[in-house]
Asker: 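Would you mind keeping the following structure in view while I ask a few things?
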Number of protein chains: 2
Amino acid sequence: MEDKYKEIPHKTIERLSQYRRALQIYSEKGKNHIFSHEIAALLHITAVQVRRDLMLIGYSGSLRKGYDISDLIMLIGNIIDSPNGQKVAVFGMGDLGTALINYFRGRRDKLQITAGFDISPEKGGHKIAGIYCYSVERAAEIIGKEDIRIGILTVPPDQADDTVRIMVDSGIKGILNYTPAPVEVPDDVYLEEYNMISSIEKVAYYVKEQK
Amino acid sequence: MEDKYKEIPHKTIERLSQYRRALQIYSEKGKNHIFSHEIAALLHITAVQVRRDLMLIGYSGSLRKGYDISDLIMLIGNIIDSPNGQKVAVFGMGDLGTALINYFRGRRDKLQITAGFDISPEKGGHKIAGIYCYSVERAAEIIGKEDIRIGILTVPPDQADDTVRIMVDSGIKGILNYTPAPVEVPDDVYLEEYNMISSIEKVAYYVKEQK
DNA sequence: TTTGCACTGTTAAATGAATAACAAAATGGA
DNA sequence: TCCATTTTGTTATTCATTTAACAGTGCAAA
Ligand SMILES: NC(=O)c1ccc[n+]([C@@H]2O[C@H](COP(=O)([O-])OP(=O)(O)OC[C@H]3O[C@@H](n4cnc5c(N)ncnc54)[C@H](O)[C@@H]3O)[C@@H](O)[C@H]2O)c1
Ligand SMILES: NC(=O)c1ccc[n+]([C@@H]2O[C@H](COP(=O)([O-])OP(=O)(O)OC[C@H]3O[C@@H](n4cnc5c(N)ncnc54)[C@H](O)[C@@H]3O)[C@@H](O)[C@H]2O)c1
């Protein structure tokens, strides 16, 4: 059963998350069912791709009505969520960290930002955007106590290396790095990096080429 | 010449942008040359991948010293930048929009955020984070006048559709959508979407699977 | 009832991307 | 001088992902 899910391609995992998001928005319009080509249109991919992905997770739609939206949302949840939820910590409670916390709030129930860490004394000890902000010195303590495994890195670039070390030593097993600095992690820590400059440079490149 | 570049794979374009960023950080340490395996280590990929990418853009390194960093930065610039630069507008000057502008400032010279648009009256008419903020009604006028082709979308999700329409009608040819709402664009507009929830769900999934 | 239609689910083929393999070149030391 | 070492540039191969093809199915309309 678990082994079956191991075979799900990385790209499919990414899309499943996107399907769910799109389905949630769609279901708020009062719809109960959706066809593969409708999902495809929302995400700008092909209907075949959608059906193939859903095949991989073993979900069958109704032939005439398409897919049951709430069933599908639930099934995607079974695959990508942890049954008991996972906790997330933010390192660096500046502009971006705060924006992310606000954005995140209320969107996912199995994934919760439960702690923030910052080096600045005036941020420590009280809540920012509803999240308690601790001094980084207490990282190991809090992360251990709360069993946090996932960390978001939004410190200044020159602090990235040191902060990652603290995160890893504290028990973090997955890091989402928003810093432009390349960082190092041990093999057993999953690292995902995002850089806005690369995204916009890609847009710029294809705009340029298109002319 | 231009046709040659057409063949560069999407993934390579993405990596070129990342190479440049890493190289810039690296060169600040006083280094002039770098080996493929050093670049690879920074980005957590293989040295072969790096060499293959550089082969595609026709850059040759020195056999014993590796690649000349400033030459390589320049060559990557020749490929992904526009010679005369490109201007970028931000739609939605809220928390995220402001954070992005601050982050962007001074990082790229061929790519400049030159205008912001917002619906809120108290934001219009003055500068936010150093960028002049206009009312959205003036989008077509300003974008036409300044010849802006690239737009970043950071309005609230329920405003995404309408705002994209305004952007497209104003002449925007490439959109980076930070909104969780799926949006529609004509064929001749390049659309790149980013959603932080998907990124973190991916991290969460692989953290879960790893245990 | 039967035919046509619009879907799904699945296998097969094609495309795209990453990796492996290796020849060629430069350097330093034996 | 020549050999061992190191690294590049490139072709060949493998692997991953997407797309195509198509059979099967339920429904609606004739
Ligand atoms: N990926 C993107 O698209 C993107 C966009 C904007 C910013 N960024 C990056 O995100 C990071 C944060 O950006 P920001 O605009 O929020 O900056 P910011 O200066 O507003 O916030 C940084 C925060 O980190 C705290 N901090 C500093 N050193 C620390 C340490 N050692 N440990 C813990 N906390 C520490 C500071 O007190 C501050 O609160 C920067 O690295 C920036 O380059 C990335
Ligand atoms: N992709 C991500 O990782 C990520 C992270 C955080 C937020 N977000 C999304 O980015 C968007 C902005 O987030 P935020 O935290 O900055 O929100 P925010 O409320 O701080 O900012 C929104 C801004 O848009 C302006 N606005 C509203 N309607 C507008 C319209 N029709 N035209 C122009 N401007 C308009 C508002 O006046 C406000 O200034 C939201 O959609 C949010 O969900 C995405």
Side-chain angles (χ1 to χ4, degrees), chain A residues 3-19 23 26 31-69 71-72 75-76 79 191-193 198 202 205-206 209, chain B residues 3-19 23 26 31-69 71-72 75-76 79 193 198 202 205-206 209:
Chain A
D3 294 318
K4 198 177 68 183
Y5 295 150
K6 282 273 193 316
E7 300 155 21
I8 299 177
H10 281 49
K11 288 289 178 68
T12 296
I13 294 294
E14 262 181 59
R15 281 191 298 266
L16 287 174
S17 165
Q18 289 160 11
Y19 294 162
L23 289 170
Y26 205 79
K31 297 280 209 136
N32 294 335
H33 291 83
I34 191 168
F35 293 120
S36 60
H37 66 260
E38 293 177 298
I39 300 179
L42 290 171
L43 300 231
H44 310 106
I45 56 177
T46 68
V48 185
Q49 179 87 83
V50 174
R51 292 206 299 276
R52 216 177 182 298
D53 285 338
L54 298 188
M55 188 193 88
L56 289 174
I57 66 173
Y59 181 65
S60 283
S62 133
L63 200 41
R64 205 63 188 182
K65 294 192 284 184
Y67 303 96
D68 181 296
I69 294 181
D71 281 2
L72 186 47
L75 181 57
I76 293 176
I79 291 178
L191 176 67
E192 171 97 10
E193 311 209 275
S198 290
K202 204 171 145 194
Y205 175 81
Y206 288 109
E209 288 302 297
Chain B
D3 295 317
K4 197 178 69 183
Y5 294 152
K6 281 273 191 318
E7 300 156 20
I8 299 176
H10 280 50
K11 287 291 177 71
T12 296
I13 294 293
E14 262 181 60
R15 281 192 298 266
L16 287 175
S17 165
Q18 289 160 13
Y19 295 160
L23 289 171
Y26 205 79
K31 299 280 209 134
N32 293 337
H33 290 83
I34 191 168
F35 293 121
S36 60
H37 66 260
E38 293 176 299
I39 300 179
L42 291 172
L43 300 229
H44 309 107
I45 57 177
T46 68
V48 185
Q49 179 87 83
V50 173
R51 291 206 300 277
R52 216 178 183 297
D53 285 338
L54 298 188
M55 186 194 89
L56 289 174
I57 66 172
Y59 181 66
S60 284
S62 134
L63 201 41
R64 205 62 189 183
K65 294 191 285 183
Y67 303 96
D68 182 296
I69 293 182
D71 281 2
L72 187 46
L75 181 57
I76 292 176
I79 292 180
E193 312 210 272
S198 289
K202 202 169 147 197
Y205 176 81
Y206 288 108
E209 290 301 297

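Just so it is clear: chains get the letters A, B, ... in the order the sequence lines come, proteins before strands, and each one is counted from 1. Computation of the quantities below employed the complete heavy-atom set of this structure, encompassing side-chain atoms and omitting hydrogens, waters and symmetry-equivalent molecules.
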Asker: So, do B:Y205 and A:H10 sit near enough that their side-chain heavy atoms are less than 4.5 Å apart?
Answerer: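 Contact flag for B:Y205/A:H10 side chains = no.
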Asker: Could you give the CZ-to-C1' distance, from B:F35 to C:dA26, as a whole number of Å?
Answerer: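 Answer to the nearest Å: 11 Å.
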Asker: Between the base of D:dT7 and the side chain of B:R51, is one N or O donor paired with an acceptor at under 3.5 angstrom?
Answerer: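 Absent.
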Asker: Distance check needed: D:dT14 P versus B:R52 CZ, whole Å only.
Answerer: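 My rounded result for the distance is 15 Å.
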Asker: Here's a test for you: under side-chain contact (heavy atoms from CB on, under 4.5 Å), which of A:I45, A:V50, A:D53 qualifies with A:I39?
Answerer: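 Option passing the side-chain contact (heavy atoms from CB on, under 4.5 Å) with A:I39: A:V50.
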Asker: For a side-chain hydrogen bond (donor to acceptor under 3.5 Å, both in side chains) check, start with the C-alpha distance between B:E38 and B:Y26, then their side-chain angles and the critical distance, and finish with the verdict.
Answerer: CA-CA 10 Å; B:E38 293 176 299; B:Y26 205 79; 3.2 Å; yes
Asker: Does OP1 or OP2 of C:dG9 have a side-chain N or O of A:S60 closer than 4.0 Å?
Answerer: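 Checking C:dG9 against A:S60, a side-chain N or O does come within under 4.0 Å of OP1 or OP2.
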Asker: Using the closest heavy atom to pick a nucleotide of DNA chain C for each, name whichever of A:L63 or A:V48 lands nearer the 5' end.
Answerer: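 On the 5' side of the pair lies A:L63.
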Asker: If you assign each of B:I34 and A:T12 to its closest nucleotide in DNA chain D, which residue comes earlier from the 5' end?
Answerer: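 Looking at the nearest nucleotide for each, B:I34 comes out on the 5' side.
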Asker: Which listed nucleotide (C:dT8, C:dT19, D:dT19) is nearest to the side chain of A:T46?
Answerer: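 Shortest atom-to-atom distance from the side chain points to D:dT19.
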Asker: Tell me the interatomic distance from B:E7, atom CD, to C:dA17, atom P, rounded to whole angstroms.
Answerer: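 So the two atoms are 13 Å apart, to the nearest Å.
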Asker: Please report, rounded to the nearest Å, how far the P atom of D:dA23 is from the CE atom of A:M55.
Answerer: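 It is 18 Å, rounded to the nearest whole Å.
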Asker: From CD1 of A:I57 over to P of C:dG9, roughly how many Å is that when rounded to an integer?
Answerer: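 Value for this atom pair: 11 Å.
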Asker: Quickly work out the B:H33 NE2 to D:dT7 C1' distance and round it to whole Å.
Answerer: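 Spelled out: NE2 on B:H33 to C1' on D:dT7 is 14 Å.
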Asker: Nearest nucleotide by nearest heavy atom, which residue falls closer to the 5' end of DNA chain C, B:K11 or A:G66?
Answerer: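 This one resolves to A:G66.
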Asker: Determine whether A:L75 and A:L54 satisfy the following criterion, side chain to side chain contact (heavy atoms under 4.5 Å, CB included), listing intermediate values before the conclusion.
Answerer: CA-CA 10 Å; A:L75 181 57; A:L54 298 188; over 6 Å; no
Asker: Of the non-hydrogen atoms in A:I13 and B:K202, which two are nearest, and what is the gap between them?
Answerer: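 Closest heavy-atom pair between A:I13 and B:K202: CG2-CG, 4.5 Å.
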Asker: Find the distance A:R64:CZ to D:dT25:C1' and express it as a whole number of Å.
Answerer: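 In whole Å, D:dT25 C1' lies 10 Å from A:R64 CZ.
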Asker: Could you state the atom-to-atom distance from NE2 of B:H10 to P of D:dT17 in whole Å?
Answerer: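 Spelled out: NE2 on B:H10 to P on D:dT17 is 17 Å.
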